[in-house]
Colleague: 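One structure is given below, represented as structure tokens, and several questions about it will come after.
Since this is a predicted model, take the numbers as computed values, not measurements.
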Amino acid sequence: MTSESIFSLLGTLTPQDISFVQTFENPVMSEFIDGAAGSVLVVGMIIVVGLLTYYRGWKTLWFDWLTSVDHKKVGIMYIVVAFVMLARAIIEGVLMRYQQSIAVNDPGILTADHFGQLFSTHGSIMIFFMAMPFITGMINYIMPQQIGARDVSFPLLNAISLWLTAAGAALVMISLVVGKFSTGGWTAYPPYTGIEFSPGEGVDYWIWSISLTSIGSTLTGVNFATTIYKNRAPGMTLFRMPLFCWTSLCTSVLMIFAMAPLTIATLMLALDRYAGFHFFTNDLGGNMMNYANLFWLFGHPEVYILILPAFGVFSEVISTFSGKTIYGYKSLVIATMSIAVLSFTVWLHHFFTMGQGANVNAIFGIATMLIGVPTGVKVYDWLLTMVRGRIRLTTAMLFSIMFLVTFVIGGLTGVILANPPVDFAVHNSLFLVAHFHNMVIPGVLFGMIAGYQFWFPKAFGFRLAERWGKASFWCWSFGFYLAFMPLYALGLMGAMRRTVEWFRPEYLGWLQVSFVGALLLFSGFLFLCVQLVVSIRQRDRRRVPAGDPWDGRSLEWSNSAPPPEYNFAVIPHVSGKDAFTQMKQEGQAYASPSAYEDIAVPKNSIVAPVIGIAAIAFGFALVWHIWWLVALSFLAMWGAVIARSFVTDTERVIPASKVRADHEAWLQQVRECTTTSREQEDTNSNVGRAEVLA
Amino acid sequence: MRRHQELTKILVRSAGGLLLLMLSSMAAAASVGFINPAGPIAEALRDHLIFIVVVMMVVIVPLFIALPWVLWRYRLGTKSGSYQPNWEFSWILEVLIWGLPAVIVVVLGWNLWHQSYELDPYKPLASTEAPLEIEAIALDWKWVFIYPEQGIVSVNEVMIVAGRPVSFRLTSGTVMQSFMIPRLGGQIYTMAGMVTKMNLLASEPGQFRGLNTQYNGMGFANQKFMTHAVSQADFDRWATNMSASRPPLNQAAWAQLTKPSVLAAPQFFGSVAEGFFTAVVAGFTGGSHHHIKADGTDL
Amino acid sequence: MKREPLLHPGLNLGSTDEYAHNEAEPVIFGFWVFLMADLVLFAILFATYASMSVQGQADGPTPTDVFDLPSAFIETMLLLASSITFGMASLALKYKADGLHLVFWLGLTFCLGAGFVGMEVRDFWVMTQEGAVPQRSGFLSAFFLLVATHGIHVTAGLFWMIVLLVQLRVLGRTTAVKLRLMRLALFWHMLDIVWVCIFTFVYLFGVAQ
Ligand code: HEM
Ligand SMILES: [Cu+2]
């Protein structure tokens with residue numbers, strides 16, 4: 001076959017779309033960076049494949065992970081995706097900061113087109129492929145264990161959601177090597193993103209990667225909500241659930257309601273682009289204002305989808321490391337619920353400047369400020385949780401405290417932006433960029449890092465090295481202030497977002513400080529990686545087989561670390577809040593159950609990976625107009641679902657005798673463990689059995 | 001060892017130099033943007049902002065004071081504060097932490113409501129003089145300003161009268177953009193087929209940079225224009241001069257303008273068809289994608 | 001394993017099949033939640049249509065010009081009837097031990113549903129012939145998206161029905177198949193409700209204007 005006929009099978013794809021070819025043909029700095037990024041991706045893949053082959057890891061990878069439907073493994077895989085994508089998006093952030101810090105009356109190193117792709121991928125990745133997978137993974141891993149369940153309600157659906165999200169992430173990654181990404185930002189406002197102004201594959205990459213993950217998230221929301229409503233252990237009433245479960249519930253409900261507007265908006269944009277419809281075009285009755293409404297009808301609840309689980313993490317971390325029950329539990333629940341409801345009533349604050357009347361603006365502005373009330377309540381509830389406790393400044397706790405401090409500053413600027421007149425002055429400026437990073441970095445990212453530090457020993461059986469964790473913490477904290485405080489000033493000085501080159505020398509100093517801050521943030525990320533490597537190498541010294549290294553309060557700490565695949569040998573009976581603390585105080589923890597039963601766990605399934613791989617092919621084919629592959633992959637996805645529905649043998653039974661043997665062996669081990677006082681928490685004497693103070 | 005010291009010295013010096021550079025540039029920076037207002041609108045916006053910050057301090061300052069204190073007093077191993085692991089509620093505190101933010105929101109909300117009307121960009125500014133009418137069309141990547149009374153057009157430069165209100169009517173001939181002159185006031189979107197409005201006033205003569213704030217592609221960073229606030233006499237002289245010496249905005253010129261491009265220098269046109277702005281707006285609202293002829297009729 | 005006697009909204013198997021009834025709880029509940037998400041999707045399509053049908057006509061055809069009310073009315077009747085027949089199928093699932101009743105009612109539902117889709121496709125084709133294509137105006141774009149999304153849902157329901165008929169044959173009346181039939185029933189009735197809204201707000205209101 002000649003190369004021409006091969007390419008005729010590949011739709012609109014041509015050799016020139018491969019980024020290395022572009023770099024070769026046009027060797028300027030911007031292309032070179034693009035090519036290098038592509039190479040890192042390709043070389044990275046080759047190294048991973050090589051390592052897997054060398055260590056004979058393929059079997060483990062496939063049978064223990066990729067085909068698994070165990071919520072714990074699915075959760076971990078979500079977080080791995082989040083970490084990989086975080087690495088890319090941070091580097092992009094630093095690169096943009098570098099460009100802006102040198103591009104004052106100077107073109108800098110990036111072309112406008114490349115810069116446009118960078119803020120679009122950075123924003124889209126951070127929101128959809130870093131923050132979303134991170135919170136979803138965290139909920140997946142923790143929530144079922146906290147409510148005393150063996151798995152989520154629909155384990156296979158859970159794996160399918162993971163694979164849809166991963167497919168979306170894969171598409172964004174592919175766009176690094178094949179073709180270009182959108183330059184329309186993470187919001188992709190038409191008509192700019194319409195076919196008339198953005199021909200080519202870029203926006204299509206955005207559309208399909210986002211569509212895949214938004215469907216995945218809808219299904220996740222359904223799954224989590226059902227799990228929380230239906231799978232709680234006996235006695236685990238809603239008002240005895242740990243706060244993390246409450247925030248997970250609110251997030252799931254938000255996902256159920258808020259993802260649809262996004263799905264529809266991307267679908268309409270796709271119809272405009274592919275089929276000549278007129279939803280958002282300039283002419284023939286299209287109206288881009290509908291897009292703005294739809295997008296933010298999703299977009300505002302989205303920020304609460306992201307931040308509520310982080311609020312949950314902070315509640316758990318602060319309560320645990322203060323050695324105290326949470327202050328104002330009911331008040332926190334009510335605050336969470338009101339935030340969830342209110343989050344649907346404020347979307348218009350993202351476009352106060354679109355020319356609707358003062359009264360409409362004022363109403364939405366006030367609604368926005370109202371959210372400040374429950375949020376303020378939460379902050380004070382966390383503070384009061386520490387009062388009369390005994391506070392340990394572990395890495396997780398440090399991140400939580402820095403969150404409190406930094407978040408109120410973001411809250412302040414949020415209230416400022418809620419005022420339509422002021423928003424008129426700083427909308428679209430770096431002030432806004434500073435504000436939302438001021439919410440998502442301490443809010444979402446610090447929350448997820450805190451949760452990762454907190455629950456890592458549970459998931460992998462050994463503690464992370466605190467020293468590196470703290471080094472990372474200081475980088476993240478100082479880095480944040482250095483990187484983003486100058487942007488507030490720049491915004492007030494009229495510097496706008498998404499700008500590749502400046503013409504005001506006054507901006508220079510601020511931009512340079514901000515770049516230094518971005519470097520620090522990046523080091524914070526590197527230290528997290530170092531921490532992981534160091535901890536893995538020292539894992540034998542750091543093990544916590546008894547499973548409770550922090551004197552935990554909720555049920556997930558009551559089983560081994562890592563937990564058995566069925567989580568609980570016997571489903572616990574719950575009689576109050578802080579279920580595990582109560583058990584420990586009443587001497588019920590680690591007691592041998594009176595009887596064991598057979599446990600049915602779901603079998604592994606190749607359906608989810610098949611759907612995931614078909615989804616990648618589907619998205620890719622749509623981007624490049626490869627219609628035969630579109631049809632084929634579509635059939636493959638639904639074929640897999642239908643075929644699966646004919647499989648009757650989907651469960652594996654673990655006999656009671658085996659459960660008994662394993663569980664009793666572990667209990668025996670726990671009884672032999674020495675207990676650790678909180679002062680000794682960060683020493684190797686901590687094997688996961690907490691000292692119980694009478 | 002000596003090497004090491006040398007290196008340290010160099011590092012310290014360059015860091016110091018950098019710091020100095022930054023500080024001086026930051027000091028200079030306060031002269032741009034709406035924090036250095038040049039008109040009543042921008043000034044009101046700034047004062048409004050300061051008011052919000054001050055009021056918000058009521059909830060923020062207590063946290064900043066209490067947090068370190070709590071961390072210290074209740075640290076592990078201390079004998080100072082009592083340890084009550086089951087303490088979880090107090091009505092007094094509860095009323096306080098719900099009540100205080102609520103009161104603040106009421107105060108700020110009241111203020112917000114009034115300011116939204118007061119500073120509505122659509123609201124004509126109180127003045128003894130009739131406002132100067134300007135029609136602005138956003139193109140890729142330039143701004144076209146039409147002075148309907150004077151019948152002239154300027155591109156990427158706008159001339160206004162100091163002390164006299166300006167009333168902008170805005171639309172877009174391409175994707176959505178956002179019009180702003182930071183030192184004079186806020187911004188408003190411009191959209192094809194639609195008209196938005198903005199009222200501004202420059203108190204003193206001066207030059208203020210204006211720009212599009214909504215990303216619209218490759219030339220976005222360059223889409224800036226200069227606003228000249230001059231006396232009425234200077235404005236009139238300028239207008240007469242323009243209409244006498246500059247070519248008309250004809251079809252060819254308009255076709256040239258609508259092509260995406262970054263202009264090296266501002267352009268001026270001495271005449272323009274009446275109703276041109278309206279025709280540009282109408283060009284998008286009808287049944288087919290019209291192309292606008294310079295005489296205002298459909299092509 | 002005995003659960004508390006919770007009932008979910010919709011037809012419960014209850015005493016006629018204790019085991020499937022107990023299994024149904026999370027599955028049916030989860031499906032209700034899913035339907036809710038799906039309804040949000042339709043709600044948004046309705047909202048878009050509401051705005052575009054008025055503002056997005058772009059001097060093109062108006063609703064009165066292009067809607068074929070008698071045809072839409074017949075479609076409504078077909079779909080309503082199919083909901084009744086599916087109701088009969090559900091009752092057969094609960095009370096009739098033999099499979100024949102069930103298959104008969106499902107088959108009838110299928111025919112009615114297929115009739116609906118067929119007529120809808122014909123409507124679309126006629127509109128296309130008159131130049132009322134989605135590319136013509138925002139109003140038509142919104143119309144086609146809303147109505148076709150419903151139509152695609154119905155078509156998916158038909159495929160689902162075929163799969164379940166095959167499963168009744170291959171797997172028999174197992175608990176899993178029963179639960180799927182119960183979910184398809186909910187899905188089908190929901191589509192009926194959505195169609196009633198489409199008929200009212202799109203067709204009747206459109207022509208009334
Ligand atoms: C960790 C260090 C980070 C750095 C250095 C960084 C840097 C940047 C930069 C330079 C921009 C472009 C600003 C502009 O438009 O001028 C940007 C935009 C953005 N960032 Fe970040 N960021 C970071 C973290 C995050 C995180 C954690 C999130 C979200 C979870 C996030 C979400 C976004 C979004 C949504 C945009 C807007 C993209 C757009 O304009 O469409 N960033 N960031
Ligand atoms: Cu918002």
Side-chain angles (χ1 to χ4, degrees), chain A residues 112-113 185 191-192 197 282-283 288 323-325 327-329 331 353-355 358 361-362 365-366 369-370 372-373 376-377 379-380 383-384 386-392 404 408 412 415-416 419-422 424-425 427-428 492-494 496 498-501 504 506 508-510 512-513 678, chain B residues 21-22 25-26 28-29 32-35 45 48-49 52 56 59-60 63 66-67 70-71 74-77 81-89 93-94 97-98 101-102 105 108-109 112-113 115-117 119-120 175-176 178 182 186-189 192-193 196 213-216 218 221 284 289:
Chain A
D113 182 50
Y192 177 66
F197 300 101
N282 272 343
D283 57 342
M288 72 74 57
K324 190 175 152 295
T325 193
Y327 172 88
Y329 174 88
S331 159
T353 49
M354 207 146 75
N361 278 353
I366 290 174
M369 288 210 300
L370 273 181
V373 177
V377 169
V379 168
Y380 277 96
L383 179 71
L384 289 168
M386 293 186 241
V387 169
R388 302 186 179 160
R390 282 295 173 265
I391 300 163
R392 291 112 65 191
L404 283 180
V408 293
L412 165 68
V415 170
I416 291 175
N419 282 264
V422 186
F424 276 94
H427 177 64
N428 268 343
L492 293 177
M493 284 152 48
M496 293 300 149
R498 300 176 177 171
T499 304
V500 63
E501 185 183 355
R504 280 208 181 279
E506 293 93 337
L508 187 65
W510 302 92
Q512 286 167 336
V513 174
R678 288 310 98 202
Chain B
L21 189 87
M22 288 174 186
S25 90
M26 287 180 193
V32 297
F34 95 106
I35 39 167
L45 294 182
H48 188 32
L49 187 144
I52 300 166
M56 281 297 283
V59 275
I60 292 179
L63 181 85
L67 187 59
V70 168
L71 288 177
Y74 296 104
R75 69 195 184 278
L76 183 67
S82 65
Y83 179 41
Q84 298 179 21
N86 294 324
W87 180 67
E88 58 173 0
F89 198 71
L93 290 173
E94 201 63 14
I97 60 179
W98 281 93
V105 165
L108 288 178
L112 182 153
W113 184 267
Q115 297 289 339
S116 293
Y117 280 95
L119 296 171
D120 182 7
V175 303
M176 184 177 89
S178 189
Q187 63 192 296
I188 196 86
Y189 286 169
T196 48
T213 76
Q214 177 72 35
Y215 186 76
N216 61 339
M218 301 309 119
F284 291 102
H289 194 145

Colleague: Could you list the residues that satisfy salt bridge (Lys or Arg N to Asp or Glu O under 4.0 Å) with A/R392, not counting sequence neighbours?
Modeller: A/E681
Colleague: Does any backbone or side-chain atom of A/F197 lie under 4.5 Å from a heavy atom of chain B? Answer side chain, backbone, both or neither.
Modeller: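 Just the side chain, heavy atoms under 4.5 Å.
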Colleague: For B/P85 and A/G323, work out which heavy atoms get closest and say how close.
Modeller: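 Minimum heavy-atom contact is CB-O, 3.5 Å.
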Colleague: Shortest non-hydrogen contact from B/Q214 to A/R498?
Modeller: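 That closest heavy-atom pairing would be NE2-NH1, 4.4 Å.
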Colleague: With a 4.5 angstrom heavy-atom cut-off, could you sort out which part of A/M288 is near chain B: side chain, backbone, both or neither?
Modeller: side chain
Colleague: Might you point out which heavy atoms bring B/F89 and A/G328 nearest each other, and give the distance in Å?
Modeller: CD1-CA, 4.4 Å
Colleague: Taking B/E88 for the side chain and A/Y329 for the main chain, is one N or O donor matched with an acceptor at less than 3.5 Å?
Modeller: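 No, because the side chain of B/E88 does not come within donor-acceptor range (under 3.5 Å) of the backbone of A/Y329.
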Colleague: For the CG atom of B/L112 and the CG atom of A/N361, what is their distance to the nearest 0.5 Å?
Modeller: 9.0 Å
Colleague: Got a second to check how far B/L108's CG is from A/L370's CG, nearest 0.5 Å?
Modeller: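 If I round to the nearest 0.5 Å, the distance is 11.0 Å.
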Colleague: When heavy-atom pairs shorter than 4.5 Å are enumerated against chain B, which of A/A425, A/G365, A/P420, A/G185 gives the highest number?
Modeller: A/A425
Colleague: Give the minimum heavy-atom separation between B/L45 and A/P421, together with the two atoms involved.
Modeller: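 So the two residues come closest at CD2-O, 3.1 Å.
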Colleague: To the nearest 0.5 angstrom, please state how far the OH atom of B/Y215 sits from the CG atom of A/N428.
Modeller: 13.0 Å
Colleague: Give, as side chain, backbone, both or neither, the part of B/T196 having an atom under 4.5 angstrom from any heavy atom of chain A.
Modeller: side chain
Colleague: Is there a donor-acceptor pair closer than 3.5 Å between any side-chain N or O of A/Y380 and the backbone N or O of B/L63?
Modeller: yes
Colleague: With chain A, which of B/A102, B/P101, B/A66, B/S116 has the greatest number of heavy-atom pairs at distances under 4.5 Å?
Modeller: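 The option with the most such pairs is B/S116.
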Colleague: Quick one: are B/Q115 and A/N419 in side-chain contact, heavy atoms under 4.5 Å?
Modeller: no
Colleague: So, taking the atom named OG1 in A/T353 and the one named CE in B/M176, what distance separates them when rounded to the nearest 0.5 Å?
Modeller: 7.0 Å
Colleague: Please state whether the rings of A/H427 and B/Y189 are parallel, tilted or perpendicular, taking 30° and 60° as the class boundaries.
Modeller: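 The rings of A/H427 and B/Y189 sit tilted, inter-plane angle from 30° to 60°.
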Colleague: Would a distance-only check, ignoring hydrogens and angles, find a side-chain to backbone donor-acceptor pair under 3.5 Å from B/Y117 to A/A362?
Modeller: no
Colleague: Mind ranking B/G77, B/A192, B/G186 by heavy-atom pairs under 4.5 Å with chain A and telling me who comes out on top?
Modeller: B/G186
Colleague: Only pairs of heavy atoms separated by less than 4.5 Å count here; which of A/L404, A/L412, A/V500 has the most with chain B?
Modeller: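 The option with the most such pairs is A/L412.
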Colleague: Tell me every residue that passes salt bridge (Lys or Arg N to Asp or Glu O under 4.0 Å) with A/E501, counting only those two or more places apart in sequence or in another chain.
Modeller: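 Salt bridge (Lys or Arg N to Asp or Glu O under 4.0 Å) check on A/E501 returns nothing, list empty.
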Colleague: Can you confirm whether B/V70 sits close enough to A/I391 that some side-chain heavy atom of one is under 4.5 Å from a side-chain heavy atom of the other?
Modeller: yes
Colleague: So which of A/D113, A/V373, A/V377 has the largest heavy-atom pair count under 4.5 angstrom toward chain B?
Modeller: A/V377
Colleague: Examine whether an atom of B/I97 lies under 4.5 Å from a heavy atom of chain A, and if so say whether it belongs to the side chain, the backbone or both; otherwise answer neither.
Modeller: both
Colleague: Measure the OH-CE distance between B/Y74 and A/M386 for me, rounded to the nearest 0.5 Å.
Modeller: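 Here the rounded value is 12.0 Å.
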Colleague: Using every non-hydrogen atom in the two residues, find where B/M218 and A/A112 come nearest and quote the distance to one decimal.
Modeller: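 The answer is O-CB, 3.5 Å.
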Colleague: I need the minimum non-hydrogen distance between B/Q187 and A/F424, along with the two atoms involved.
Modeller: O-CD2, 2.8 Å
Colleague: Which residue out of B/S178, B/G109, B/G193, B/P182 racks up the most heavy-atom pairs below 4.5 Å with chain A?
Modeller: B/G109
Colleague: Taking atom CD1 of A/I416 and atom CG of B/L49, what is their separation to the nearest 0.5 Å?
Modeller: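 Result: 4.5 Å between the selected atoms.
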